[in-house]
Every structure is written in C-alpha cells, then in structure tokens.
A.B. asks: 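Pasting in a structure now, in structure tokens, and then I'll have a few things to ask.
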Amino acid sequence: SQELEQSPQSLIVQEGKNLTINCTSSKTLYGLYWYKQKYGEGLIFLMMLQKGGEEKSHEKITAKLDEKKQQSSLHITASQPSHAGIYLCGADRRGGGSNYKLTFGKGTLLTVNP
Amino acid sequence: ETGVTQTPRHLVMGMTNKKSLKCEQHLGHNAMYWYKQSAKKPLELMFVYSLEERVENNSVPSRFSPECPNSSHLFLHLHTLQPEDSALYLCASSFKMSSGSQYEQYFGPGTRLTVT
C-alpha cells in the first residue's frame, strides 16, 4: 500500500475557484513538504510543515498539518492558470541514525481553465 | 533559477552504452540526492549522500552507480540499462544537520532519459 496517498489524483477547476488537495500518511509524520512540478521539470519547493496544527501561507496557497490524522491539506484561493501543475507531498521518515528517507505521494495534477 | 543544475537535460542511449548524469549545486548544501520519476509512480529516492555518508535504496539495480566527489557535485553512472529505466532523473540538495534534522530539498530540472 502507498505510504502517502494524495487526493484527488487530478483536478480541473475554473479560474477564480478555490480548491483543496489532501495528503494522508499511513505512517508517523515527522515533517511534511509540499512541492509543485511543471510536467517534465524539476520540483519547486512550496512549504514545509513540522508541527501538528502548523499552518503556513505563501501568496494564495495555504498548507496545514494535522499530526493526529497524519494528514496535510493544501488550499489554493482564487486559483489562476499559473497555479496549474502537479502538486506533490513528501514526508520525512526518520529512520534513526543517518538513514534519512523522504518519500513522496504520486501527485495531484491541477488544471486551471481560464 | 533553482541553484541546482543538471546535465544533460535529455539523453537517449542504447542498452549497451555507458553514460553519466551530472548534478551541481551552488547553494552550500551538504546533502545531495538522486530520484527517479516514472509515469504513474511516486518519486523514488535512489541515493543520498549526506555528511560524507552514502545511503541507498536497496531496490536500485547495480547498473546505476552514484559518485559524489565533493559536496557540490553528484554523478549517476549508467551502464547496461534496460528500457524500463527510461524516466526523469532528478537531483536534489539540502542542508542536513548532524542530528538528522534537515531543511527542504531543492531540485534540479531533471534529465529525461530514454533507453532504446
């Protein structure tokens, strides 16, 4: 089973609409990262959440971490075509010692129609 | 401008070829990573070089061989690849504390590899 489940897998919205993307972990979260990727390109770091209840915002994008539910949500307000892309969540898996591992969800493809 | 560069951006190679992917970071980070991104699959961590230590995903075949000569440069040597190895290979870097805590990873633009 997938360690990080993202929902929805894809999303099409009209410009100006709000939307939410969810990321749920099957294991304990020590940190949660959100990235955006244009197709075939590298990932752009958006936000990192480390504490339960933490909420961060950047321009029109807000991310929250619910540590108890092992879940994070990414909310975009008044979406614009520039928000289109693939949104990926990544989880910090502290394996002990130096066995660090960052795992990712499959991503959510966002399309914003003008 | 991400501060992490990768070359080449695109590579087509036959199964008997030997090639290398290069990654360079200009961010003063002390950890570097190789990821593989295939269609319909999550981003897969292949190798980590951190604080002079190498950590690898045991499921990565030996036909992939990483090299990290210093904290700014990372290579992925490819040898006798298979068509299923075709994917986008992403390099990333971050700053990692000796305690294990680390800051966010910054990614390069990737190398699109096609194995024929």
Side-chain angles (χ1 to χ4, degrees), chain A residues 1-7 9-10 23-51 54 56 58 61 63 65 72 85-109, chain B residues 1-6 9-10 23 25 27 29-59 87-114:
Chain A
S1 63
Q2 198 62 40
E3 284 190 25
L4 284 178
E5 291 282 350
Q6 286 190 237
S7 62
Q9 291 185 357
S10 63
C23 176
T24 303
S25 173
S26 60
K27 298 183 178 181
T28 303
L29 285 172
Y30 293 96
L32 196 290
Y33 301 75
W34 282 101
Y35 287 85
K36 179 185 175 184
Q37 184 181 28
K38 292 286 189 181
Y39 179 75
E41 298 182 8
L43 280 64
I44 299 170
F45 171 74
L46 296 176
M47 276 170 275
M48 176 175 67
L49 304 166
Q50 290 187 303
K51 300 175 184 177
E54 187 173 13
K56 288 187 177 178
H58 176 67
I61 301 176
L65 177 63
S72 178
I86 302 168
Y87 288 82
L88 296 108
C89 64
D92 182 342
R93 303 278 186 230
R94 302 264 176 85
S98 60
N99 287 330
Y100 171 78
K101 183 180 178 183
L102 186 63
T103 58
F104 285 86
K106 288 186 178 181
T108 294
L109 175 61
Chain B
E1 185 64 48
T2 63
V4 181
T5 58
Q6 289 187 242
R9 292 293 309 276
H10 300 273
C23 175
Q25 60 96 1
L27 301 170
H29 290 160
N30 61 357
M32 296 188 78
Y33 312 76
W34 279 117
Y35 287 89
K36 175 183 178 183
Q37 189 175 37
S38 304
K40 308 290 186 182
K41 292 183 180 180
L43 203 60
E44 176 188 359
L45 179 64
M46 300 176 72
F47 302 101
V48 181
Y49 277 88
S50 175
L51 300 173
E52 302 181 356
E53 182 179 4
R54 177 174 127 182
V55 177
E56 55 191 276
N57 183 337
N58 292 328
S59 67
L88 181 68
Y89 288 85
L90 292 161
C91 170
S93 70
S94 72
F95 184 76
K96 186 178 178 186
M97 306 287 286
S98 56
S99 62
S101 300
Q102 78 149 35
Y103 296 89
E104 62 273 16
Q105 296 180 19
Y106 288 84
F107 284 77
T111 295
R112 173 65 65 184
L113 174 67
T114 303

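A, B, ... follow the sequence lines: proteins, then strands. Residue 1 opens every chain. Just so you know, these numbers use all the heavy atoms, side chains as well, and skip hydrogens, waters and symmetry mates.
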A.B. asks: Select one option (side chain, backbone, both, neither) describing which atoms of B:Leu43 are under 4.5 Å from chain A's heavy atoms.
C.D. replies: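 For B:Leu43, the contact with chain A is made by backbone and side chain together.
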A.B. asks: A:Tyr35: what forms a ring pair (Phe, Tyr, Trp, His ring centres under 6.0 Å) with it, not counting sequence neighbours?
C.D. replies: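 Here the qualifying residues are A:Phe45, A:Phe104, B:Phe107.
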A.B. asks: Quick one: closest heavy-atom pair of A:Glu41 and B:Leu88, and the distance?
C.D. replies: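 Taking A:Glu41 first and B:Leu88 second, the nearest heavy atoms are O-CD2, 3.9 Å.
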A.B. asks: Do you know the tightest heavy-atom contact between A:Met48 and B:Glu104?
C.D. replies: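 Minimum heavy-atom contact is CE-OE1, 3.9 Å.
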A.B. asks: Does any heavy atom of chain A fall under 4.5 Å from the side chain of B:Gln6, the backbone, both, or neither of them?
C.D. replies: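 It is neither, since no heavy atom gets under 4.5 Å.
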A.B. asks: For B:Lys41, I'd like to know if atom NZ has over 12 heavy atoms of other residues, nucleotides or ligands within 6.0 Å.
C.D. replies: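 At most 12 heavy atoms, drawn from other residues, nucleotides or ligands, come within 6.0 Å of this atom.
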A.B. asks: Restricting to side chain to side chain contact (heavy atoms under 4.5 Å, CB included), what partner residues turn up for A:Thr108, sequence neighbours left out?
C.D. replies: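 Listed in chain order: A:Gln6, A:Pro8, A:Ile21.
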